[in-house]
Amino acid sequence: QVQLVESGGGLVQPGGSLRLSCAASGFTLDKRNIGWFRQIPGKEREFVAAIRSRSGITITDYTDSVKGRFTISRDNAENTVYLQMNSLKPEDTAVYYCAADFGTTYYSGSYYFKESTYGYWGQGTQVTVSA
């Protein structure tokens, strides 16, 4: 059974850091495209970051608002994808979700920014940035 479980969310002050984890079971993460999204109540889910491999090369993408602050990475031994979030801002407050795409066709980067690309989702973890 395919399952994704996020953890690591919490309350942090502006300027602080958190590391979110996305642990996978039922499949191997290193062969799949993985994305992080976030959602504020009343708003659509927003792309945050994605990681995928092509011919042995790891490719990462970020939405502009988190570039230079967030880092997505993968630990194949742990079958876990991480989202390291530094210099957090109040506007980063949201429920964060990880998602997996099992497609094997190569697409351009923007394909992985879309919520509809991903067929499997975790339950989400709350991140609150507040003084």
> Would you confirm whether Glu6, through its side chain, and Cys98, through its main-chain N or O, come within 3.5 Å as a donor-acceptor pair?
yes
> Donor-acceptor pair, Asp30 side chain versus Asn76 backbone, under 3.5 Å?
no
> Give a yes or no on whether Phe37 and Phe102 share a hydrophobic cluster (residues Ile, Leu, Val, Met, Phe, Trp, Tyr; joining criterion: side-chain heavy atoms under 4.5 Å apart).
no
> May I ask you to check whether Asn86 and Ser17 show a side-chain donor-acceptor distance below 3.5 Å?
yes
> Kindly say whether Gly9 contributes a backbone atom to a donor-acceptor pair with the side chain of Thr125 at under 3.5 angstrom?
yes
> State whether the side chain of Thr117 and the backbone N or O of Tyr111 hold a donor-acceptor pair below 3.5 Å, judged by distance alone.
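Yes.
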> Are the side chain of Thr80 and the backbone N or O of Glu78 linked by a donor-acceptor pair below 3.5 Å?
yes
> I'd like to know if the side chain of Tyr97 and the backbone of Gln39 have a donor-acceptor N/O pair within less than 3.5 Å.
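Absent.
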> Students often mix this up, so state it plainly: with edges at 30° and 60°, are the rings of Trp121 and Tyr118 parallel, tilted or perpendicular?
perpendicular
> What residues, two or more places apart in sequence or in another chain, satisfy salt bridge (charged side-chain N to carboxylate O under 4.0 Å, His left out) together with Asp92?
Arg38, Arg69
> Relative to each other, are the rings of Phe70 and Tyr96 parallel, tilted or perpendicular (30° and 60° limits)?
tilted
> Do Ser53 and Arg32 meet the criterion of a side-chain donor-acceptor pair at a distance under 3.5 Å?
no
